Amino acid sequence: MNRAETAQKIPVGLLGATGAVGQRFVERLVDHPWFELAAVAASDRSRGKSYAEAARWRLTSPLPERGGAMTVAGVTDELPCAIVFSALDAATAREIEPLCARRGMLVFSNASAYRMDADVPLLIPETNADALGLVARQQRERGWKGAIITNANCSTIFLAIALAPLDRAFGVEKVFVTTMQAVSGAGYPGVPSLDILGNVIPDIPEEGAKIEREVAKILGKTGGGAFTISAMTYRVAVEDGHTESVSAGFSRRASVSEVESAWSEFRGSAEVAALPSAPKRPIHYLSEPQRPQPRRDVDAERGMATLVGGLKPCALLDWKFTVLGHNTIRGAAGASVLNAEYAAVKGLLD
Ligand SMILES: NC(=O)c1ccc[n+]([C@@H]2O[C@H](COP(=O)([O-])OP(=O)(O)OC[C@H]3O[C@@H](n4cnc5c(N)ncnc54)[C@H](OP(=O)(O)O)[C@@H]3O)[C@@H](O)[C@H]2O)c1
């Protein structure tokens, strides 16, 4: 199917529309070539208000007029669409997302509630497109007409994208990652300013464990074998963009030029590369010193690129490098919209 040639846009709903990720969804959905934002939903605090009143818009782009005028629904309301994007917190998502799937909706979720279920895709179209095949199993086993399709934790997505071509070429066996995560990653109002200004807060609750298990699932390393990953996480006073310091060990030796080429040449399938939200190059390798940096690089490819740089030999594992990505775009709303576009070309939305 060539969606671009179909006249009718697909109506979509948005759960958790008022939050940090929800706002990014609104920004990306109002002018989407295939999807029409038909409903926005949030908590009882917001229900019945106009979106402009409920959302406290915090993005630098202006609040789209049409989005601002929409009335916020409740998340249990019947919404006029067969597809919903979910930017709910995990506890609410655990209850609401299956309700939607039972009603026959496809739910594209940012929440962690169902990511690790064996029959739930944890999808990055450029790296593990086959995971979408789990939808049929999920519908069969759970008796749902709809399904839940998840994207990973924000730090996981950039790391998995950076590791995928290295794994294909050299076999990744060991990973040690330390994250420096932006405050927008904690939602709104998020971390109190008196805690984060001029400060670094270690050990973001549950984040390290999510990265460890989700990277293993995306790279197909959950069946045993030689793969070990250890993650430490930190909140830093950066507005947008998670930076990650990575050391990786491979099963086969790789030269600096081989590693650089693996990143620079990495592409999804032609079908994925043609999707409206797909970056032209999923990975941008920056060879200049002291890059990537959140302030300078995080908006590359409308926030959909994963940036890698600072490649050096590692005395403990084989190679060390820095990874950066936009946490609310490639790490959340943009990733979810890309997943829905991929589901559309695979015929799941017909
Ligand atoms: N921020 C990131 O960088 C990022 C990246 C990847 C994944 N995620 C995940 O995405 C999800 C949303 O994160 P966020 O940062 O956008 O959080 P947030 O700013 O706190 O927004 C939460 C949203 O959920 C709604 N909500 C909260 N409690 C609810 C309830 N009981 N019933 C119905 N709706 C409720 C809120 O509505 P009200 O405004 O009405 O309260 C708001 O729309 C989380 O699961 C998070 O882990 C976030």
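What you see is a predicted model; the values in this text were computed from it and never measured. Whatever order the structure lists them in is the order used to number ligands and atoms, beginning at 1.
- The ring of Trp263 has its center closer than 6.0 angstrom to the ring center of Phe321.
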N or O contacts of ligand 1 with protein under 3.5 Å, please list pair by pair.
| residue | atom | partner | partner atom | Å |
| --- | --- | --- | --- | --- |
| ligand 1 | 1 (N) | Ser184 | O | 3.0 |
| ligand 1 | 3 (O) | Asn327 | ND2 | 3.0 |
| ligand 1 | 15 (O) | Gly187 | N | 3.4 |
| ligand 1 | 16 (O) | Ala20 | N | 3.2 |
| ligand 1 | 16 (O) | Val21 | N | 2.8 |
| ligand 1 | 19 (O) | Ala20 | N | 2.9 |
| ligand 1 | 19 (O) | Tyr188 | N | 3.1 |
| ligand 1 | 28 (N) | Asp89 | OD1 | 3.4 |
| ligand 1 | 34 (N) | Ser43 | N | 3.3 |
| ligand 1 | 37 (O) | Thr18 | OG1 | 3.2 |
| ligand 1 | 39 (O) | Thr18 | OG1 | 2.5 |
| ligand 1 | 40 (O) | Ser43 | N | 3.2 |
| ligand 1 | 40 (O) | Ser43 | OG | 2.6 |
| ligand 1 | 40 (O) | Ser46 | OG | 2.4 |
| ligand 1 | 41 (O) | Ser43 | OG | 3.3 |
| ligand 1 | 41 (O) | Arg45 | NE | 3.1 |
| ligand 1 | 41 (O) | Arg45 | NH2 | 2.7 |
| ligand 1 | 43 (O) | Gly16 | O | 3.2 |
| ligand 1 | 43 (O) | Thr18 | N | 3.2 |
| ligand 1 | 43 (O) | Thr18 | OG1 | 2.6 |
| ligand 1 | 43 (O) | Gly19 | N | 3.3 |
| ligand 1 | 45 (O) | Leu88 | O | 2.6 |

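- Annotation: cation-pi geometry not satisfied between Arg330 and Phe158 (NZ/CZ under 6.0 angstrom from ring centroid, within 45° of ring axis).
- Glu207 and Thr233 are not linked by any side-chain donor-acceptor pair at a separation below 3.5 angstrom, with hydrogens and angles left out of the test.
- Seen from the ring of Tyr114, Arg94 counts as a face-on cation partner, given the 6.0 Å and 45° thresholds.
- Glu97 and Ser109 share a donor-acceptor pair across their side chains, judged by distance under 3.5 Å alone.
- Note: Phe35 and His32 have parallel aromatic rings, judged against thresholds of 30 and 60 degrees for the angle between ring planes.
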